[in-house]
Amino acid sequence: MEYQVKEIKKGINLHLIHNDKFKTNLVSVFLTTQLTRENVTKNAIIPAILRRGSKNMPTQEDISRELEEMYGASFNCGIDKRGDNQVLKFYMESINDAFLPEGEEKILYKTIEKLLDIIFNPIVENNGFKEEYLEQEKNNIKQAIEGKIDNKARYAIDRCIEEMYKNYPFALYKYGYIEDLESLDRIELYKYYQELLKNCKIDIFVSGIIEDNVYDTVCKSNEIQKLKDREPKYEKMTLEIIPKNNEQVVQESMDVTQGKLILGLNVALDNQDMQYDALIYNSILGGSANSKLFQNVREKASLAYVASSSYLKAKNNIFINCGIEIENYEKALKIVKEQLEQMKQGEFTDNDIEVAKKGMIDAVQTIDDEQDTEIMYFFGQEFCDNKLDIEQYINRIQKVTKEAVLEIAKKVQIDTIYFLKN
Amino acid sequence: MQVIENLKVKEKLYTEKLENGLTVMIIPKKGMQKKYIIWGTNYGSNESSFIVPGETEVTTVPDGVAHFLEHKMFEQENGKNSLDVLTEIGVNANAYTTNDHTAYLYECTDHFFEALDEFMDYVQHPYFTDENVEKEKGIIGQEIMMYDDYPDWKVYLNALQAMYHKFPVRLDTVGTIETISKIDKDILYKCYNTFYNPSNIAMVICGDFNPEEILQEVKKRLLDTKANGEIKRIYPEEPEKIVKEKVTQKMEVSRPLYTIGIKDKPIDTCQGNDKEEIVKKHIAIEILLQLLLGESSNLYKTLYNDGTISASPSMDYEFSRGYAHILISGQSNEPERVYQTLKEQIKEMKENGINEEDFTRIRKTLYGNYIKEYNDVTDIARMFLADYFKGINSFDYIEQIMTVNSKYAHQVLNEVFDENKMVLSIIAM
């Protein structure tokens, strides 16, 4: 694997990941902007409108047919929340030219062209987006927002975050708010889109077999030529811990069979480098089958099937997640708190650390085996002060000590206890 | 070892059937960091009645035993849990149960051979006690309740129950709180001894390996077990017709979920049925589904533009011993409209035939999709294992696809897409 970043213009980077072990090429474009209450819904609807049609492929049917002809190239778009940023994501994947039946023309360049066309050449009517597309997509975004409740486990974590970050940008739902949708106007929204393209951070990734012409294909395209230098408006990762809710308890009722218990924890780090220690802390607490949560909540007490924790690097939070019988709330909460206390008391061994490191290193080593994972890894590094490549990352994990993990344990505090019951 | 090379996707399969009956398949992937190994027994939640080789009486066990066994296999006589041991070695281990097979696996970058000792040891050494069986009932009980809150699982299961009168594919893989309460260690041992014989097991290994070397490593770790005779599996007789056309369940969801099912005649893959035919039929059905309701279809355009659907539904053809059906699932405010318009579309296509240009384009797409399946070692290994239990070599899809033409597809359309065998399952508030 060879990784190169080239600044095409100020605030616009082209990332080339050369790797010849895949059957596919993957091209991604990420538009990153600040997460704000004012713009969250507008950002959410823009990809939905863009995928409806471009100047060259005016309808969704045109796009689909074009992609089908390219041996099933696939287009995907979505919205992500990354720290206090909102990311508009666009992907196009196509098979490598080496696997096309004989006599077929190459499709990598076509893949890049089509993706850029969809993102940067929307179909415009009378100075705005197409009325029909906007109205239909309002409806679809409304359904996506309402769809929040469909996955109860995911819903419980989202609700915990909302309660933790009340009145802060990070509480915002990535698809925005229904009350904003109605007033969106096709001309205003198009203006907003043009502003967004002037100010957002733009990252273009191409992963696969990168030939020399790839750079030119991207840089010399009309779409990229039209863009100007910018001071991109986005938030880098900070250590400032915002929520201060001191173990607030939030309980909510819904039609569920199983209770979902979520604990939102703050990890107050002194510097970004401590994040690697926090990763190991989380792994011992609830990151694997050997973890304290899995062993004690599930295996010993037989209270749950799911009992785990995950570390959200962008905000330095840990979320503990257990699916339990509703009447076992007190029992489960007590065991969870005991595990946190044990971590504080240093009741974990050097072996626990070794196991956690092995698991972590194993996961990091496989980043290079999946194109989208690798792209997300390098994209994530864009938000860090010290960019690490995969090898440096592994070396840093190897340096984590018991003292360092104990240091993390002392900095962990329960912020919010959320329980979804019936 | 037999070597099968596929020149289109540029991969090789090394395979050997060992003396004790175990089939080993190795797909080397140069340059991949991740190594993946999986072995599975040809035994899933559908097998609750059978005749043990050498016996004459039929054994019937409670629903959910295959999955219960999967959970309990990790427990060892020395008091250790193999999942913990494997995690400690530094590999990522797991297991799963489906309708027709149960599989154990791990993936890693380093420590592969250390883990292989434990991995092959635990699956060959069951250890069940009254106590450890009882304890598991609490954990599996929570797993069952977790699935109860998944509307997408419920809508799927309800569709199966609308199609099948008796065939066990209609049941939840994990069983119910009631059936698992009846499971004890004797039942587990009996099922283990019947179905975990090497002759009923297949292993797939994928990663940057030398096939000869890895095969020797596997052989070294096998117990000296003799191949079993044939297990007679007994399934209830399933009528061709469906149970009922429509079923609706209330759950707290933002928008109704639907699954449309089309019941097909079972393909008896184990009885030397023409494998080429099965693969061709499967390909034709996948193309037909895209032509009917894929993103470039007229029906999709109509339903999207009037707001009935907002994404293309997932569409699959599922089949194994004793059953076969098509499932189309998605979310819509008007599932009934999706269902009715699809029926009309099928009828129209039957009458007017298939547009040749559309057919060729969709076939290209499918070809690309088959190629894409060879990116990830996990996907490759799982695909080869699941297909193996259906009697299929996964390469056959890429090999056969260009032989499927529109005339054949039209024939499959007439045979399989029968409006009297369609069901609609809905989950709504």
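So that the names make sense, note that chain A is the first sequence line, chain B the second, and so on, each numbered from 1.
The closest donor-acceptor contact from the side chain of A/Asp255 to the backbone of B/Met251 lies at 3.5 Å or more, if one exists at all. Using a distance-only test at 3.5 Å, with no hydrogens or angles considered, no donor-acceptor pair links the side chain of B/Glu295 to the main chain of A/Ser64. A donor-acceptor pair under 3.5 Å is formed between the side chain of A/Lys358 and the backbone N or O of B/Glu88.
Counting non-hydrogen atoms of neighbouring residues, nucleotides and ligands closer than 6.0 angstrom, the NZ atom of B/Lys301 reaches no more than 12 such neighbours. Shown here is B/Lys10, whose NZ atom has more than 12 heavy atoms of other residues, nucleotides or ligands within 6.0 Å. Heavy atoms of other residues, nucleotides or ligands lying less than 6.0 angstrom from NZ of A/Lys148 number more than 12. Annotation: A/Lys130, atom NZ; neighbour count of heavy atoms from other residues, nucleotides and ligands within 6.0 Å is above 12.
Residue B/Asn333 touches chain A through its side chain alone, counting heavy-atom pairs closer than 4.5 Å. In this structure, the portions of B/Tyr374 lying under 4.5 Å from any heavy atom of chain A include both its backbone and its side chain. For a residue to count as touching a neighbouring chain, one of its non-hydrogen atoms must lie under 4.5 Å from one of that chain's; by this rule A/Glu104 touches chain B with the side chain only. Only the side chain of B/Asp376 comes within contact range of chain A, with at least one heavy atom under 4.5 Å from a heavy atom of that chain. In this structure, the portion of B/Lys29 lying under 4.5 Å from any heavy atom of chain A is its side chain and not its backbone. Contact annotation for A/Glu370: only side-chain heavy atoms (C-beta onward) come within less than 4.5 Å of a heavy atom of chain B. Neither the backbone nor the side chain of B/Leu366 comes within contact range of chain A; no heavy atoms are under 4.5 Å apart. Heavy atoms closer than 4.5 Å to chain B are found nowhere in A/Glu354, neither backbone nor side chain. Proximity to chain B (any heavy atom under 4.5 Å) is restricted, for A/Ser288, to the side chain, taken from C-beta onward. Residue contact with chain B, scored on non-hydrogen atoms closer than 4.5 Å, involves the side chain of A/Lys152 exclusively. For A/Ala289, the parts lying near chain B are the backbone and the side chain together; criterion is any non-hydrogen pair under 4.5 Å. For A/Leu303, the part sitting under 4.5 Å from any heavy atom of chain B is the backbone (N, CA, C, O) and nothing else. Neither the backbone nor the side chain of A/Asn19 comes within less than 4.5 Å of any heavy atom in chain B. Residue contact with chain A, scored on non-hydrogen atoms closer than 4.5 Å, involves the side chain of B/Glu11 exclusively. Interface remark: A/Thr59 contributes no atoms to any contact with chain B (heavy atom separation under 4.5 Å). Contacts of A/Gln136 with chain B are made by side-chain atoms alone, with heavy-atom separations under 4.5 Å and no backbone atom involved. Within the 4.5 angstrom heavy-atom criterion, only side-chain atoms of B/Gln331, from C-beta onward, approach chain A.
The line from CG of B/Asn81 to CZ of A/Phe294 is 7.5 Å long, rounded to the nearest 0.5 Å. Taking NZ of A/Lys142 as the start and CZ of B/Arg255 as the end, the distance is 10.0 Å to the nearest 0.5 Å. With rounding to the nearest 0.5 angstrom, the CD atom of A/Glu69 is 8.0 Å from the OG1 atom of B/Thr365. One distance of note links CG of B/Asp152 with CG of A/Asp150; it measures 8.5 Å at 0.5 Å rounding. The CD1 atom of A/Ile394 lies 8.0 Å from the OG1 atom of B/Thr109; values are rounded to the nearest 0.5 Å. To the nearest 0.5 Å, the span separating CE on B/Met146 from OG1 on A/Thr257 amounts to 11.5 Å.
Looking only at heavy-atom pairs under 4.5 Å with chain A, the residue among B/Asn369, B/Asp110, B/Asn298, B/Val377 that has the most is B/Asp110. Ranked by heavy-atom pairs shorter than 4.5 Å toward chain A, the options B/Asp148, B/Val91, B/Asn305, B/Ile362 are led by B/Asn305. Ranked by heavy-atom pairs under 4.5 Å with chain A, the list B/Tyr304, B/Tyr367, B/Tyr300, B/Tyr150 is led by B/Tyr304. Your options are A/Gln143, A/Glu102, A/Met1, and the one with the most heavy-atom pairs under 4.5 Å with chain B is A/Gln143. Options B/His111, B/Met402, B/Lys30, B/Glu107 differ in how many heavy-atom pairs under 4.5 Å they form with chain A, and the most are formed by B/His111. Interface remark: of the candidates B/Gln290, B/Arg361, B/Glu136, B/Arg361 forms the most heavy-atom pairs closer than 4.5 Å to chain A. By number of non-hydrogen pairs under 4.5 angstrom with chain A, the leading residue of B/Cys108, B/Gly141, B/Ser254, B/Gly368 is B/Ser254. Per-residue counts of heavy-atom pairs under 4.5 Å with chain B were compared for A/Glu325, A/Glu146, A/Glu137; the largest is that of A/Glu325. In terms of heavy-atom pairs under 4.5 angstrom with chain B, the leader among A/Glu132, A/Lys357, A/Gln295, A/Gln371 is A/Gln295.
Annotation: side chain of A/Lys23 is in contact with side chain of B/Val9 (closest heavy-atom distance under 4.5 Å). With contacts defined as side-chain heavy-atom distances shorter than 4.5 Å, the pair A/Phe22/B/Lys372 does not qualify. No side-chain heavy atom of A/Tyr305 sits less than 4.5 Å from a side-chain heavy atom of B/Met145. With a 4.5 Å cut-off on side-chain heavy atoms, A/Thr24 and B/Asn375 count as touching.
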If you apply the rule side-chain contact (heavy atoms from CB on, under 4.5 Å), what do you find for B/Glu252 with A/Ile149, and how did you get there? CA-CA 8 Å; B/Glu252 196 161 344; A/Ile149 63 164; 4.2 Å; yes
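Of the charged side-chain nitrogens involved, none lies within less than 4.0 Å of a carboxylate oxygen, so that A/Glu68 and B/Lys364 do not count as a salt-bridged pair. Using a 4.0 Å cut-off between charged nitrogen and carboxylate oxygen, B/Lys34 and A/Asp362 do not count as a salt-bridge pair. By the 4.0 Å N-to-carboxylate-O rule, B/Lys135 lies close enough to A/Glu299 to be salt-bridged with it. Taking 4.0 Å as the cut-off between side-chain N and carboxylate O, B/Asp149 and A/Lys260 count as a salt-bridged pair.
Closest heavy-atom contact between B/Gln142 and A/Ile324: OE1-C, 3.4 Å. A/Asp369 and B/Gly31 make their closest contact through OD1-O, 4.4 Å (heavy atoms, listed as atom of the first residue, atom of the second, distance). Residue A/Asn290 comes nearest to B/Leu83 through the heavy atom pair OD1-O, 4.2 Å, listed as atom of the first residue, atom of the second, then distance.
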